There are 2 protein chains.
Amino acid sequence: MSRLTRDDIIAGAGRRFATHGYHGTSMRDLGDDLGILGSSIYAHVGGKQELLVAVIERGAGFFAASARRAVEARLEASATLSLLVSGHIDVVLDHRSEARTYLSETSFLEPLDQARVSHARDTYEAVFVDVIARGIAEGVFDRERDAKLSAVYILSVLNTIDRWFDETGRFDKDQLSEDVYGFVTKGLIG
Amino acid sequence: MSRLTRDDIIAGAGRRFATHGYHGTSMRDLGDDLGILGSSIYAHVGGKQELLVAVIERGAGFFAASARRAVEARLEASATLSLLVSGHIDVVLDHRSEARTYLSETSFLEPLDQARVSHARDTYEAVFVDVIARGIAEGVFDRERDAKLSAVYILSVLNTIDRWFDETGRFDKDQLSEDVYGFVTKGLIG
DNA sequence: CCTACCGATCGGTAGG
DNA sequence: CCTACCGATCGGTAGG
């Protein structure tokens, strides 16, 4: 039991915020999880709101990095979308706490932080919109589909995966990615 | 300004819970919204947790009623799914507060209430699974698709609609329903 | 539905 | 990171 680092505190805060919500978490709850007193947390961070910012910033960073990797692979539209899907799934499953807090607690940030995070989210979404629009332009995706709406639908599916997917179940992450990609490209009819 | 009813209090609680979360709402906040004191709310309801139960129960009821209507129409699988989609969209847009609280705050219910609501949610989801399985069996949907996974994907899309859809925008609710149904059945490729 | 409260808990600080 | 606090706010109650 050595001393905790600032990163440990942020990780602990992420776990609590993801499961109990920002307002459902007290500094004493958080201290209990970490094996210290609530008041001791102030030796590491300025306050509760600063913890929320740090957790959400981490979450946003993972998604941004995934989008960057997908785009920099410079593949055709459908392959890029496939990378975006599997990358997003990796983030929500490998960084559950940060991703869930980013997705669910952003409205509890102070206005300036919230605006910055919203902008990051728009930028990320735009990567999906652009690749879908490219696919439509190239004729691989249906010209009847709207790129923006389709991106929102796909992100809705991806952002909910951590809520139901059990990694110890019959499917693994790769099978899930493939199934999601198959669903969003071919639909129920196939 | 006549006296408030119990229903008024529950409606007000729904609005607050949907936007600020259960733990982000104080009885005084709620009183302010309703034009009375926080302590006056106890003349109408037993407590804050009872309000959460009442709001979520309403939300669950709207979804159950929609599923019942879709099933009782006794149409073929694809038409039933279309009714489920448009019915779900009606619920999340016409009863935003109750639907959002039901979808986001259920984990803050006490164990017994939470179990009951989870069961209701499973029952609702099973209606989607069954109609998709029927469509697969009849050959209208792809035999490669898993009914359960597909239902979860579709519900993910539907449950997020209230977060981004602007009814005053270029699309109306019917166009949205049709687009969502087109997306989940035909996918990006069409 | 208000007045006037209550004990518990909250985020946070001074000093070590 | 703990001790020892602080003022503010919380859910809730008695009595009218």
Side-chain angles (χ1 to χ4, degrees), chain A residues 1-57 97 101 104-114, chain B residues 1-57 97 101 104-114:
Chain A
M1 299 286 187
S2 65
R3 286 198 150 219
L4 297 169
T5 64
R6 188 188 146 94
D7 276 3
D8 295 331
I9 311 280
I10 295 168
R15 285 188 293 272
R16 267 273 157 181
F17 293 162
T19 51
H20 299 259
Y22 177 69
H23 290 299
T25 300
S26 75
M27 294 303 269
R28 285 161 181 84
D29 289 336
L30 192 40
D32 287 346
D33 287 355
L34 296 166
I36 59 176
L37 291 177
S39 58
S40 300
I41 296 168
Y42 292 89
H44 296 95
V45 292
K48 193 184 170 187
Q49 181 69 212
E50 185 181 313
L51 280 173
L52 182 61
V53 173
V55 173
I56 289 178
E57 214 80 47
S97 301
T101 302
S104 293
E105 307 297 311
T106 297
S107 66
F108 303 127
L109 287 170
E110 277 155 18
L112 252 65
D113 292 314
Q114 199 176 330
Chain B
M1 300 288 187
S2 67
R3 286 198 150 220
L4 296 168
T5 64
R6 188 187 147 92
D7 276 3
D8 294 331
I9 311 282
I10 295 168
R15 285 189 293 273
R16 267 272 157 182
F17 293 162
T19 51
H20 299 259
Y22 177 69
H23 290 298
T25 300
S26 74
M27 295 302 269
R28 285 161 181 85
D29 288 336
L30 191 41
D32 287 347
D33 287 355
L34 296 165
I36 60 177
L37 291 176
S39 59
S40 300
I41 295 168
Y42 292 89
H44 296 94
V45 292
K48 193 184 168 187
Q49 181 69 213
E50 187 181 312
L51 279 175
L52 182 61
V53 173
V55 172
I56 289 178
E57 214 80 47
S97 302
T101 302
S104 293
E105 307 297 311
T106 298
S107 65
F108 303 127
L109 287 170
E110 277 154 19
L112 253 65
D113 292 314
Q114 199 177 330

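Each chain gets a letter, A, B and so on, in the order its sequence line appears, and its residues count up from 1. Every value quoted in this text rests on a predicted model; they were computed, and no experiment measured them. The basis for the numbers below is simple: all heavy atoms, side chains too, and nothing from hydrogens, waters or symmetry mates.
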Who pairs with Gln49(B) by side chain to side chain donor-acceptor pair (under 3.5 Å), at least two apart in sequence or on another chain?
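Partners of Gln49(B) under the side chain to side chain donor-acceptor pair (under 3.5 Å) test: Tyr22(B).
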Rounded distance [0.5 Å steps], [atom1] in [X] versus [atom2] in [Y]:
{"X": "Asp113(B)", "Y": "Ile56(B)", "atom1": "CG", "atom2": "CD1", "value": "8.5 Å"}
{"X": "Leu52(A)", "Y": "Thr106(A)", "atom1": "CG", "atom2": "OG1", "value": "7.5 Å"}
{"X": "Leu30(B)", "Y": "Lys48(B)", "atom1": "CG", "atom2": "NZ", "value": "9.0 Å"}

Could you give me the stems involving DNA chain C, meaning stretches of three or more consecutive Watson-Crick or G-U wobble pairs whose two defining distances are both below 3.5 Å?
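If one scans DNA chain C for consecutive Watson-Crick or G-U pairs, the stems found are C:1-16 with D:1-16.
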Quick one, which residues of residues 20-39 of chain A touch DNA chain C with a heavy atom under 4.0 Å?
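Only Thr25(A), Ser26(A), Met27(A), Arg28(A), Ser39(A) qualify.
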In residues 42-50 of chain A, which ones come under 4.0 Å of DNA chain C, going by heavy atoms?
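Result for residues 42-50 of chain A: Tyr42(A), Gly47(A), Lys48(A), sorted by number.
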Backbone of Asp29(B) reached by a side-chain donor or acceptor of Asp32(B) within 3.5 Å
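The answer is no, because no donor-acceptor pair under 3.5 Å joins these two groups.
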Is a donor on one side and an acceptor on the other found under 3.5 Å between the side chain of Ser40(A) and the backbone of Ile36(A)?
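No.
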Within residues 8-19 of chain B, residues whose heavy atoms come under 4.0 Å of DNA chain D:
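Here the set is empty: none.
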Looking only at non-hydrogen atoms, find the nearest pair between [X] and [Y] and report the distance.
{"X": "Ile10(B)", "Y": "Ala54(B)", "value": "CD1-CB, 3.7 Å"}
{"X": "Gln114(A)", "Y": "Leu109(A)", "value": "OE1-O, 3.3 Å"}
{"X": "Leu51(B)", "Y": "Ile9(B)", "value": "CD2-CG2, 3.8 Å"}

Nucleotide interval of DNA chain D bounded by contacts with chain A (heavy-atom cut-off, under 4.0 Å)
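Listed 5' to 3', the contact boundaries are dC1(D) to dA4(D).
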Classify the nucleic acid contact of Ile41(A) as base, sugar-phosphate or nothing, counting any heavy atom under 4.0 Å across all strands shown.
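Here Ile41(A) touches no strand at all.
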Using the test salt bridge (Lys or Arg N to Asp or Glu O under 4.0 Å), find all partners of Glu57(B) that sit at least two apart in sequence or belong to another chain.
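Testing Glu57(B) for salt bridge (Lys or Arg N to Asp or Glu O under 4.0 Å), a comparison that skips the adjacent residues, returns Arg116(B).
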For Ala18(A), all residues meeting side-chain contact (heavy atoms from CB on, under 4.5 Å), sequence neighbours excluded
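Ala18(A) satisfies side-chain contact (heavy atoms from CB on, under 4.5 Å) with Ser97(A), Arg100(A), Thr101(A) only.
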Quick one: ring pair (Phe, Tyr, Trp, His ring centres under 6.0 Å) pairs with a partner in residues 23-45 of chain B, sequence neighbours left out?
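Residue pairs passing ring pair (Phe, Tyr, Trp, His ring centres under 6.0 Å), neighbours aside: His23(B)-Phe108(B).
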Can you list every side-chain hydrogen bond (donor to acceptor under 3.5 Å, both in side chains) pair that touches residues 4-20 of chain B, not counting sequence neighbours?
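Pairs touching residues 4-20 of chain B that pass the test: Thr5(B)-Asp8(B), Arg6(B)-Glu50(B), Asp7(B)-Arg58(B), Arg16(B)-Asp33(B).
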